[in-house]
Amino acid sequence: MTKKKLTAALSVLIILVLGLWVPSPYLIERPGPTVNTLGSIDISGEVSPVVTVSGVETFEGSGELRLLTVSVVGNPENRLGWLTLFPTLFDPTQTVVRLDTVFGEGVGVDERDELNALMMQNSQKNAIAAALRELDKEFESNVIVNSVLPNAPAAGLLQDGDLFLTVDGDPVASNEALREYISALDVGSTVVFEVLRDNKTIDIEVETGGSDGSNRSVIGVLLETEYEFPVEVDILLEGIGGPSAGLVFALAIYELLTESDFTDGLTVSGTGTVDDEGNVGAIGGVTQKLWGAKRAGSELFLLPETNCKDLPEKLPTNMSIVPIKTVGEAIAAISDFDRKSLVSNFVACDELLARSYG
């Protein structure tokens, strides 16, 4: 081998080694596993229903309601080499994202898993509440402090377990309502909370702070809603976290409590956060969830309307994509779905109207 060829070969080898081992600030998102919430799951050899409702008569549905997940490759402790990112250029199901958009500054794997587990728990509670509202079943709810962030405006004032009664004299209706009220205030505003602590009612004043230099007010607490439901709902999953399965949980609970088989043999995949009023919120990983739904054989994909702008250029074929804003709209979209029509005419956003799914 000539010296020139040897130099070229060594250069290529160095580039390959550096590409594999020099860490990049990126992660890869891929379609993750899907789970039929109307079916069963095998955990450590024991097969059990994913969703179980006790204390009331339930009804089996003939369709599938699949929650969707995103697999993340790489983390702050195991950063990907640059060359590892190369195959994503040729695979429409994978997306390269910045590491700090998934983990945040100073957030490791354990902290992210803990937060995702908390969000999953809250999403399940909200899903039960949303389903019961659709069925006109009454229940009680209380908003409490789950934890106070260090050095937050509320640190040393509010405590874990405080139950909110009023904010500035008005009853606290819900977790989301309290967040929205505080967020709309000017930074530096004084908020008066009436809370129940150790069976005593006390007033606490908190001066709001800013969120990441923005004009959005925060007090620095994680909120949790405690419910008293007329039924008991158990949701069994393993290794899945985050809030985006809330919509599908609500639909599964609704199906189990509804005598009519509203899924009617359809394979439906869906994603979206849900509050206890049944409003559906945006999620991440739209591309991966679309392809995960396609691989699961879904005929209908329910998409939060606010995620219309996130649809990728290349879309799965032979799967209708319907944007929705509420659990009620999702129920109607499934009930009214026409298998003969590739796209349901129930709801459409401008981007969906402009595209053909063939």
### Message
Side chains of D261 and T263: any donor to acceptor distance under 3.5 Å?
### Response
yes
### Message
So does E180 get a backbone contact from the side chain of S183, meaning a donor-acceptor N/O pair under 3.5 Å?
### Response
no
Could you pull out all donor-acceptor pairs under 3.5 Å where a side-chain atom in residues 68-75 meets a protein atom, sequence neighbours excluded?
unit_1: T69; atom_1: OG1; unit_2: P33; atom_2: O; d: 2.6
unit_1: N75; atom_1: OD1; unit_2: E77; atom_2: N; d: 2.8
unit_1: N75; atom_1: OD1; unit_2: N78; atom_2: N; d: 2.7

### Task
Look at the side-chain heavy atoms of Ile, Leu, Val, Met, Phe, Trp and Tyr, link any pair under 4.5 Å apart, and say whether I128 and V143 land in one connected group.
no
#### Entry: side chain to side chain contact (heavy atoms under 4.5 Å, CB included) between L67 and L237, worked out
CA-CA 11 Å; L67 67 83; L237 287 172; 3.9 Å; yes
### Query
So, do L65 and F249 sit near enough that their side-chain heavy atoms are less than 4.5 Å apart?
no
### Task
State, with a plain yes or no, whether a side-chain heavy atom of L302 is found less than 4.5 Å away from one of E329.
no
## Note on the structure
For E64, the side chain to side chain donor-acceptor pair (under 3.5 Å) test, sequence neighbours excluded, returns R66
### Query
Are F103 and D100 close enough, and set up right, to give a side chain to side chain contact (heavy atoms under 4.5 Å, CB included), and what steps lead you there?
CA-CA 5 Å; F103 283 90; D100 55 11; over 6 Å; no
### Message
If we ignore hydrogens and angles and just use 3.5 Å, is the side chain of D168 paired with the main-chain N or O of V192 as donor and acceptor?
### Response
yes
### Query
Does N151 CG have over 12 foreign heavy atoms under 6.0 Å away?
no
### Task
Look at the rings of F229 and Y227 and say which category their plane angle falls in: under 30° parallel, 30 to 60° tilted, over 60° perpendicular.
parallel
### Query
Does any non-hydrogen side-chain atom of N36 lie less than 4.5 Å from one of V50?
no
### Query
With distance as the sole test, does T208 use its side chain to make a donor-acceptor pair with the main-chain N or O of V218 at under 3.5 Å?
no
#### Entry: Pairs where residues 115-140 contributes a residue and the test salt bridge (charged side-chain N to carboxylate O under 4.0 Å, His left out) is met, not counting sequence neighbours
K125-E224, R133-E277
### Message
If you define the side chain from C-beta out and look only at heavy atoms, does anything of I204 sit under 4.5 Å from V206?
### Response
yes
### Query
Would you say V248 and I41 are hydrophobically clustered, going by side-chain heavy atoms of ILVMFWY under 4.5 Å?
yes
### Query
Can you list the residues that meet the side-chain contact (heavy atoms from CB on, under 4.5 Å) rule with Q121, with sequence neighbours excluded?
L118
### Task
Hey, could you give me each pair passing side-chain hydrogen bond (donor to acceptor under 3.5 Å, both in side chains) that has a residue in residues 185-203? Not counting sequence neighbours.
D162-R197, T166-E194
Would you be so kind as to tabulate the donor-acceptor pairs closer than 3.5 Å made by side chains of residues 280-293, with sequence neighbours excluded?
unit_1: Q288; atom_1: NE2; unit_2: E29; atom_2: O; d: 3.3
unit_1: Q288; atom_1: NE2; unit_2: T93; atom_2: O; d: 3.1
unit_1: Q288; atom_1: NE2; unit_2: T95; atom_2: OG1; d: 2.8
unit_1: K289; atom_1: NZ; unit_2: S244; atom_2: OG; d: 3.0
unit_1: K289; atom_1: NZ; unit_2: T271; atom_2: OG1; d: 3.3
unit_1: K289; atom_1: NZ; unit_2: G284; atom_2: O; d: 3.4

### Query
When you measure from the side chain of T84 to the backbone N and O of L80, does any donor-acceptor pair fall under 3.5 Å?
no
